[in-house]
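For reference, the structure is listed below as structure tokens.
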Amino acid sequence: MKTPSTFQKKVYDACRHIPCGKVVTYGQLAREINCGSARAVGQALRVNPFAPEVPCHRVIKSDRSLGGFYGHKSGPEIDRKRRLLEKEGVAFDTAGKVLKESGWEFSLAKGK
DNA sequence: ACCGTGACGGCGA
DNA sequence: TTCGCCGCCACGG
């Protein structure tokens, strides 16, 4: 397997810090590692050799849709991603969007 | 070194 | 509110 680039290591490291039942957007993750492109982050996660050891399934799009998983933007892979999150307590609406995270105190702070 | 691609994001129509 | 276009960065061929 190919050695992860420095950039990818930063992405995986930041991703690892995401607690159970919590989700983050690609953009937020990008800010964490001081990167101006959410796309670049997505590309790194796309080839993540440590999934799901590195919880890349907790990373979603800013519009609250799931984004992708294992290089797929839809299909069984995405379905699996959704269930992983549900198992961690993340709720979804009928449109398949993330409704709330774990149902903890910060779900209140999120407004919405 | 150049070019095309992609798990994204924001804004205008 | 949904759709499309353009800008953003990193990577592989």
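Naming: A, B, ... by sequence-line order, numbering from 1 per chain. These numbers were taken from a predicted model, which means no experiment stands behind them.
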Strictly by side chain to side chain donor-acceptor pair (under 3.5 Å), give each pair with a member in residues 46-57 of chain A just once, sequence neighbours left out.
A:His57-A:Glu88
Rounding to an integer number of Å, can you tell me how far A:Leu85 CG sits from B:dA7 C1'?
13 Å
Quick one, A:Tyr70 and A:Pro52 - any side-chain contact, counting heavy atoms below 4.5 Å?
yes
Going by the salt bridge (charged side-chain N to carboxylate O under 4.0 Å, His left out) test, which pairs reach into residues 26-43 of chain A, not counting sequence neighbours?
none
To the nearest angstrom, the CG-P distance between A:Leu29 and C:dA10 comes to 14 Å
Starting at NZ of A:Lys73 and ending at C1' of B:dA7, how long is that distance when rounded to a whole Å?
9 Å
When the distance from CZ of A:Arg64 to C1' of B:dC8 is rounded to whole Å, what number comes out?
17 Å
For residues 1-11 of chain A, pull every pair meeting salt bridge (charged side-chain N to carboxylate O under 4.0 Å, His left out), keeping only residues two or more places apart or in separate chains.
none
Sequence neighbours left out, what passes side chain to side chain contact (heavy atoms under 4.5 Å, CB included) with A:Val24? Give chain and number order.
A:Ile18, A:Gln28
For DNA chain C, write out the stems as range with range, using runs of 3 or more consecutive Watson-Crick or G-U pairs with both distances under 3.5 Å.
B:2-6 with C:9-13, B:8-13 with C:2-7
May I ask you to test the A:Cys35-A:Phe7 pair for a side-chain heavy-atom distance under 4.5 Å?
yes
Using atom names, set out every protein N or O paired with an N or O of nucleotides 11-13 of chain C below 3.5 Å, distance rounded to 0.1 Å.
from, atom 1, to, atom 2, distance (Å)
C:dC11, OP1, A:Ser5, OG, 2.4
C:dC11, O4', A:Gln43, OE1, 3.3
C:dG12, OP1, A:Lys2, NZ, 3.1

Partner residues of A:Ser62 under the side-chain hydrogen bond (donor to acceptor under 3.5 Å, both in side chains) criterion, sequence neighbours left out
none
Examine distances only and state if a side-chain atom of A:Lys81 and a backbone atom of A:Gly68 form a donor-acceptor pair shorter than 3.5 Å.
yes
Could you tell me which residues satisfy salt bridge (Lys or Arg N to Asp or Glu O under 4.0 Å) with A:Arg82, sequence neighbours excluded, listed by chain and number?
A:Asp79
Quick one, which residues of residues 45-55 of chain A touch DNA chain B with a heavy atom under 4.0 Å?
A:Leu45, A:Arg46
So which heavy atom on A:Tyr26 is nearest to which on A:Gly67, and how close?
OH-CA, 4.1 Å
Between protein and nucleic acid, restricted to nucleotides 9-13 of chain B and to nitrogen or oxygen atoms under 3.5 Å apart, what atom pairs and distances do you find?
from, atom 1, to, atom 2, distance (Å)
B:dG9, OP1, A:Gly27, N, 3.3
B:dG9, OP1, A:Ser62, N, 3.3
B:dG9, OP2, A:Ser62, N, 2.8
B:dG9, OP2, A:Ser62, OG, 3.3

Listed by chain and number, what are the side-chain hydrogen bond (donor to acceptor under 3.5 Å, both in side chains) partners of A:Gln8, not counting sequence neighbours?
A:Ser5
What's the CZ-P distance between A:Arg31 and B:dC8, to the nearest Å?
19 Å
Going by the rule side-chain hydrogen bond (donor to acceptor under 3.5 Å, both in side chains), which residues pair with A:Glu77 if we only count those two or more places apart in sequence or in a different chain?
A:Arg80
Rounding to an integer number of Å, can you tell me how far A:Ile33 CD1 sits from C:dC9 C1'?
10 Å
Which heavy atom in A:Ser65 sits nearest to a heavy atom in A:Ile60, and how many Å separate them?
O-CB, 3.4 Å
